[in-house]
Amino acid sequence: MIAEELITLLERHGAGAPLPRVRALHLPRAECLEERSGEFCALELEDGTLGLAFVLLADTWSQLAATHAGTALAGTDALELARRYAGAGTVGRTLGFATINALSRCVFDRLGYVPPASTDSIGELDPQAGDHVGMVGLFRPLLGRCMAAGARVTVIELRSDLAGEYEGYRVTLDASELASCNKVLCTSSVLLNGTADRMLAHCTRAERLAMVGPGAGCLPDPLFARGVTLFGGSWISDPAGVVDALRAGRPWSEHARKIAIHREDYPGVERLSAALRR
């Protein structure tokens with residue numbers, strides 16, 4: 001499972017030098033939950049590193065707000081919190097995933113790895129006539145480009161009320177239909193809602209498989225091993241600016257840049273670690 005592999009990687013890289021503990025959890029303001037600026041929380045480590053996670057699955061935000069998790073988590077062992085990502089509860093998985101993302105950034109910083117900037121908001125899929133493009137989650141910018149290029153589009157959704165035939169594309173609940181797609185764009189939300197392993201298992205024929213989203217901040221090694229060819233997320237350049245924006249209810253995107261890690265160019269965390277020891 002992806003969750004267990006990510007936890008194992010972080011445990012291995014925390015064995016040589018202790019990883020920072022948790023400083024705080026920063027939640028978006030209640031009045032911003034219907035806006036893009038209110039979709040993500042930020043888990044802060046004691047060294048100032050942040051990890052993002054989507055916070056609007058089920059009643060995650062309200063539970064975290066009610067338990068005063070922002071301050072209650074101060075001083076928590078970050079690896080212990082990260083292990084909750086492998087659990088079943090939505091709140092625990094959200095906290096665990098935010099911590100996984102924060103610790104992943106901490107590991108990358110220690111190893112001196114800085115991913116390249118993204119050049120394309122739709123995972124560099126380059127849709128063409130004759131392509132069968134699969135989308136896990138509906139990416140409207142890609143949808144328009146696919147239809148303009150003459151590509152066929154199948155969207156995989158979890159909500160039955162969205163299933164059906166639409167002008168230029170089809171929405172289905174059957175993830176096995178990804179097996180016929182030669183290009184796939186997958187939202188990073190699958191890493192949080194527990195469907196990542198299942199979705200990626202159906203993409204074995206995809207020549208290009210991009211996973212993107214603001215919450216794509218974990219080590220990409222287990223994803224590349226499962227066929228992902230591009231992993232794109234947000235690389236926070238100003239942690240304090242993100243925290244201030246969350247507190248004030250402002251967009252935080254200006255304090256981060258979009259990145260895209262290509263499988264063929266990525267050395268892997270083990271090789272990066274080995275190079276640092278030499």
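Values in this document were obtained by computation on a predicted structure and should not be read as measured data. Every heavy atom of this structure was used, including side-chain atoms; hydrogens, water molecules and symmetry mates were not.
Between the side chain of Asp238 and the backbone N or O of Ala256, no donor-acceptor pair lies under 3.5 Å. A donor-acceptor distance shorter than 3.5 angstrom exists from the side chain of Lys183 to the backbone of Asp126, with no hydrogens or angles considered. The backbone N or O of Glu80 sits less than 3.5 Å from a side-chain atom of Asp77, completing a donor-acceptor pair. Between the side chain of Thr8 and the backbone N or O of Glu4, at least one donor-acceptor pair lies under 3.5 Å. For the pair Thr60 (side chain) and Leu56 (backbone), a donor-acceptor distance under 3.5 Å is absent. Of the possible donor and acceptor atoms, none in the side chain of Arg257 sits under 3.5 Å from a partner among the backbone N and O of Ile236. Side chain of Arg93 to main chain of Leu192: a donor-acceptor pair is present (N/O by atom type, distance under 3.5 Å, no hydrogens or angles). Of the possible donor and acceptor atoms, none in the side chain of Ser273 sits under 3.5 Å from a partner among the backbone N and O of Val269. Between the side chain of Arg208 and the main chain of Glu124, a donor-acceptor pair closer than 3.5 Å is present. Of the possible polar contacts, none joining the Arg263 side chain to the Thr229 backbone as a donor-acceptor pair under 3.5 Å is found.
The shortest side-chain heavy-atom distance between Leu9 and Pro222 falls under the 4.5 Å cut-off. Taking 4.5 Å as the limit, some side-chain heavy atom of Val171 sits within range of a side-chain heavy atom of Tyr166. You'll find the side chain of Ser104 reaches within 4.5 Å of the side chain of Leu10, heavy atoms only. Between Tyr169 and Thr154, the closest side-chain pair of non-hydrogen atoms is not below 4.5 Å. By the 4.5 Å heavy-atom criterion applied to side chains, Leu6 and Tyr85 are counted as neighbours. In this structure, the side chains of Cys106 and Pro20 come closer than 4.5 Å at one or more pairs of heavy atoms. Between Val212 and Ser188, the closest side-chain pair of non-hydrogen atoms is not below 4.5 Å. Counting heavy atoms from C-beta on, the side chains of Leu178 and Thr204 never come closer than 4.5 Å.
Rounding to the nearest 0.5 Å gives a distance of 9.0 Å between OG of Ser62 and CG of Leu33. From Ile156, atom CD1 reaches atom OG1 of Thr187 across 13.5 Å, with rounding to the nearest 0.5 Å. To the nearest 0.5 Å, the span separating CZ on Arg105 from CH2 on Trp235 amounts to 4.0 Å. Atom-to-atom distance recorded for Phe224:CZ and Ile261:CD1 is 5.5 Å, nearest 0.5 angstrom. One finds the CG atom of Leu191 at 7.5 Å from the SG atom of Cys186 (value rounded to the nearest 0.5 Å). Taking NE2 from His13 and CG from Leu79, the interatomic distance works out to 12.0 Å, rounded to the nearest 0.5 Å.
Just one residue in the list Val133, Leu125, Ile122 forms a side-chain contact (heavy atoms from CB on, under 4.5 Å) with Arg145, and that residue is Ile122.
The two residues Cys41 and Leu25 make their nearest non-hydrogen contact at SG-CD1, 3.9 Å. Scanning all heavy atoms of the two residues, the minimum distance from Val55 to Pro28 falls at CG1-CG, 3.9 Å. Listed here is the closest heavy atom pair of Ala151 and Pro127: CB-CB, 4.5 Å. In terms of heavy atoms, Arg110 sits closest to Leu19 at NH1-CD2, 3.6 Å. Shortest non-hydrogen contact noted between Phe231 and Cys218 is CE2-O, 3.4 Å. Closest non-hydrogen pair, Leu158 versus Arg198, comes out as CD2-NH2, 4.0 Å.
Linking ILVMFWY residues whenever their side-chain heavy atoms come closer than 4.5 Å, directly or via other members, places Met147 and Leu162 in the same cluster. Under the 4.5 Å side-chain heavy-atom criterion for Ile, Leu, Val, Met, Phe, Trp and Tyr, Val184 and Val153 are members of distinct hydrophobic clusters. Hydrophobic clustering, with ILVMFWY side chains joined whenever heavy atoms are under 4.5 angstrom apart, groups Trp61 together with Val242.
No donor-acceptor contact under 3.5 angstrom links the side chains of His202 and Glu177, judged on distance only. Between the side chains of Thr172 and Asp174, no donor-acceptor pair is found at a separation under 3.5 Å.
Electrostatic pairing of Arg226 and Glu5 counts as a salt bridge here, judged by a charged N lying under 4.0 Å from a carboxylate O. A salt bridge between Glu157 and Arg159 is absent, with no side-chain N of the basic residue lying under 4.0 Å from a carboxylate O of the acidic one. Ion pairing between a basic and an acidic side chain is recognised when a charged N comes within 4.0 Å of a carboxylate O; Arg21 and Glu46 show no such pairing. A salt bridge links Arg23 to Glu44: at least one charged side-chain nitrogen sits closer than 4.0 Å to a carboxylate oxygen.
Within the structure, ring pair (Phe, Tyr, Trp, His ring centres under 6.0 Å) contacts touching residues 111-148 (residues at least two apart or in different chains) are Phe108-Tyr113, Tyr113-Tyr266.
Within 6.0 Å of CD in Glu34 there are 12 or fewer heavy atoms belonging to other residues, nucleotides or ligands.
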